[in-house]
Structures are given as C-alpha cells and as structure tokens.
Amino acid sequence: MSDSGTAPAPEETSVWQYNPSFALAVLASVLYGLIFLAIFYLTIIRYRSWYFTCVVVGAAVEVAGYALRCYSIKRPTEVAPFATTLSLIVVAPILISAGNYLLLGRFIRSVLPPSHDKIAPLLPSRRITRIFVISDILSGLVQSSGSGIASSDNWTGPNLKIGINILIGGLALQAGSFVLFMSLLGRFHFLARRRMLAREDAPRGWERLLRGVYISSGMILIRCIFRAAEFAEGVDGYSFRHEWLFWVFEAVPMLIAIGVYCFYHPGAVLGRDGGGKKKRASSDEEGEELGSRRRHRRGKGHGTR
C-alpha cells in the first residue's frame, strides 16, 4: 500500500481495489492471534465455559482471515485467497454475535427470578436465545453465499450485483437482529437494576459482564452498518477503494468486540454452566415450596371440616 493507502494497485490484473498494506495485515494477524490464544485459554482451559466456544471459533476464523490477507497481498493476481480472506472476515463476526446472544439467555436465568423469565411478550429466555441464534445462522449463510457469488468472477461480471445484493440482505438481517437484541439487553438491565428485580443470589459481577456485552455488541453493530454501506456503495465506491475505512470500521471494532472478553469473561461470572444449573435448581425449590403451601392449605381445609 502507498502511504495514504488510496492509490490503485499497479498491476492491471490485481484483485485488490487499492494497494493493501502488508505490514498492517501482519499486525492484525498477530493481534488477533494473541486475542485468540487468550480467549482459548480462558474459555477452554481456565473456566471450561463450553457455551462460549463459538467466540473462540470466531476468533480463530478472524486469525485465518487476516493470515490469508497477508498471503493474498503477496499474490495479488490470485482470486481464490482474496475471495477466501474476504469471506472469512465477513462471516467471523457472526460467531461473536452468537456468543452475545447466548449470554442474554444466561443473564435472564441467573439474575432474574423465574417469575420474570419473560422480558418480552411470549419470549422466555430459552426461546430468545434460540431465535437469535437461528437468525445468526441464517444471516451467516446469506452473507457467505452472497460473498461467494460476488467474488466468483474477480468481482466483475453479471454475478457481481446479484452477490452484493444478497450480501447486503444478510448484513441487514444481522444488523436488524442486533438492534432487537440490544433493545432486549437494555430491557433486561432495566428490570434487573431499575426495577430492583435482580435475585439476591445473582452471580457477583454480572453488571461488569453486562458492560462487556454492551461494548462487544456496540462494536459489532458499528461494523455491520459500515459493511452494509460499503457493499451498497458498490465496488467502485469510496469504501472499496480506500483501505483506511476497512481498518477503522472492520478490523478495530471486531478486535475490541472479541478482546473485551479477555477482561470481562463470562466464565468468571456465570461459571462453567453459564448459571443455568443454579437457576433450574432455584426454580425447582420454588416449585416445591409452592406445592408445600398448597398441601398445607388443603390440610387446613380438611381440618376445618
């Protein structure tokens, strides 16, 4: 890349729309690699929080994407590595989103009492997680197919517009899901904090972890909006031809979105099972207590007769 990162590549057959920086690609690979190692250690080894494995996989995909970017920069005429690095970097955030979605359900079950399991009409905590994860998978499939179609002929030809439209649809679905998710996250926070509904035995530090989810989700949303605008503008637009936008609105936000969990890891707060077991146990105890009260009332009724 030139100093400004805006000059077109000198080779007419280059698949890149600008002269990409090899140094920045290497730096990103190293930083994402370090974050991957930290998240892997915290999730798999230290806390054994298997429910958070999707974030570990997402971090690994980011590392692979930036490593392939380094390879593609050195071989600017090859379409396959360019298309693969683009697809990996576009799809990886979906796995990070899934981790955030899973945390919302665990927050509800471990912090709120069973009587307030539904923070939205007809949406118990388990159904919320399921709906968002399904939406995330669908968004990933749409984005992957759109990216593959658009890049199938070196980002030219009749498939370009079709692929970009599909890709924009997937990004719009992801952004819409994330806006809804963040509104439900805010609703949970309101109930737990403002309405004073947090359980007395709620995990210590849950608000600190919630802060981390807010940060991660905000970064992902910024990145989704940028990507949708970038592809809507087209391959001849400003975003596709100026590398600095990629680093500011893609690489840095996702680095923060994943890296924040090195400091606010759910395993440290929710434990190995994500708070679900304790919640289920409390529900059982509440049910037993309710049954005992009913039996006591029946006994009183029979006694008066």
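Heavy atoms only: backbone and side chains are in, while hydrogens, waters and symmetry mates are out. Note that the structure is predicted; figures quoted are calculated from it, not measured.
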Fill in: Member of Y51, F181, F52 meeting the ring-ring contact (aromatic ring centres under 6.0 Å, His included) criterion with Y101
F181
Out of curiosity, [X] [atom1] to [Y] [atom2], how far, rounded to the nearest 0.5 Å?
{"X": "Q143", "Y": "L138", "atom1": "CD", "atom2": "CG", "result": "10.0 Å"}
{"X": "Y66", "Y": "M254", "atom1": "OH", "atom2": "CE", "result": "8.5 Å"}
{"X": "C54", "Y": "L95", "atom1": "SG", "atom2": "CG", "result": "6.5 Å"}
{"X": "L184", "Y": "I131", "atom1": "CG", "atom2": "CD1", "result": "9.5 Å"}
{"X": "I256", "Y": "I222", "atom1": "CD1", "atom2": "CD1", "result": "8.0 Å"}
{"X": "R48", "Y": "L42", "atom1": "CZ", "atom2": "CG", "result": "14.0 Å"}

Hydrophobic cluster identity match, [X] and [Y], side-chain contacts under 4.5 Å:
{"X": "F36", "Y": "F263", "answer": "yes"}
{"X": "V61", "Y": "I44", "answer": "no"}
{"X": "I137", "Y": "I94", "answer": "no"}
{"X": "V63", "Y": "I220", "answer": "yes"}
{"X": "Y71", "Y": "W16", "answer": "no"}

For residues [X] and [Y], determine if any side-chain heavy atom of one lies less than 4.5 Å from a side-chain heavy atom of the other.
{"X": "S239", "Y": "F249", "result": "no"}
{"X": "Q174", "Y": "R223", "result": "yes"}
{"X": "V15", "Y": "E78", "result": "no"}
{"X": "L104", "Y": "I128", "result": "yes"}
{"X": "R199", "Y": "V111", "result": "no"}
{"X": "L210", "Y": "F188", "result": "yes"}
{"X": "L103", "Y": "L270", "result": "yes"}
{"X": "L68", "Y": "L88", "result": "yes"}

Worksheet item: Residues two or more places apart in sequence or in another chain: which of them pass side chain to side chain donor-acceptor pair (under 3.5 Å) with N100?
Response: S216, S217, Y261
Fill in: V269 and R208: CA distance, side-chain angles, deciding distance, side-chain contact (heavy atoms from CB on, under 4.5 Å) verdict
CA-CA 9 Å; V269 176; R208 189 169 180 270; 5.9 Å; no
Quick one: are the ring centres of [X] and [Y] less than 6.0 Å apart?
{"X": "F240", "Y": "F231", "result": "yes"}
{"X": "Y18", "Y": "H242", "result": "no"}
{"X": "H189", "Y": "F107", "result": "no"}

Please answer whether the main-chain N or O of [Y] pairs with a side-chain N or O of [X] as donor and acceptor at a distance below 3.5 Å.
{"X": "Y41", "Y": "R46", "result": "no"}
{"X": "E62", "Y": "A92", "result": "no"}
{"X": "S144", "Y": "L141", "result": "no"}
{"X": "S177", "Y": "S135", "result": "no"}
{"X": "E243", "Y": "S21", "result": "yes"}

Worksheet item: Yes or no on side-chain contact (heavy atoms from CB on, under 4.5 Å) for D273 and W50, after CA distance, side-chain angles and deciding distance?
Response: CA-CA 8 Å; D273 65 337; W50 308 113; over 6 Å; no
Worksheet item: In terms of side-chain geometry, is the basic nitrogen of E250 or R69 positioned less than 4.0 Å from the acidic oxygen of its partner?
Response: no
Practice prompt. Is it possible for you to check whether R75 lies under 6.0 Å from the centre of the six-membered ring of F82, through NZ or CZ, and within 45° of that ring's axis?
Written response: no
Discussion item. Within 45 degrees of the ring normal and closer than 6.0 Å to the centroid, is that where the cationic atom of R272 sits relative to Y47?
Written reply: no
Practice prompt. Mind running side-chain contact (heavy atoms from CB on, under 4.5 Å) on C262 and I39 for me, showing each step along the way?
Written response: CA-CA 6 Å; C262 295; I39 289 293; 4.0 Å; yes
Which heavy atom in [X] sits nearest to a heavy atom in [Y], and how many Å separate them?
{"X": "S97", "Y": "D136", "value": "CB-OD1, 3.6 Å"}
{"X": "I166", "Y": "S145", "value": "CG2-OG, 3.7 Å"}
{"X": "S29", "Y": "A67", "value": "OG-N, 3.4 Å"}
{"X": "A80", "Y": "T84", "value": "O-OG1, 2.7 Å"}
{"X": "G99", "Y": "V55", "value": "CA-CG2, 3.8 Å"}
{"X": "I96", "Y": "A59", "value": "CD1-N, 4.1 Å"}

Fill in: Derivation of the side-chain contact (heavy atoms from CB on, under 4.5 Å) call for L167 and V90
CA-CA 10 Å; L167 188 51; V90 165; 4.1 Å; yes
Discussion item. Under a 3.5 Å cutoff, is there a donor and acceptor pairing between the side chains of T85 and S72?
Written reply: no
Fill in: Trace of the side chain to side chain donor-acceptor pair (under 3.5 Å) decision for T43 with S49
CA-CA 5 Å; T43 304; S49 307; over 6 Å; no
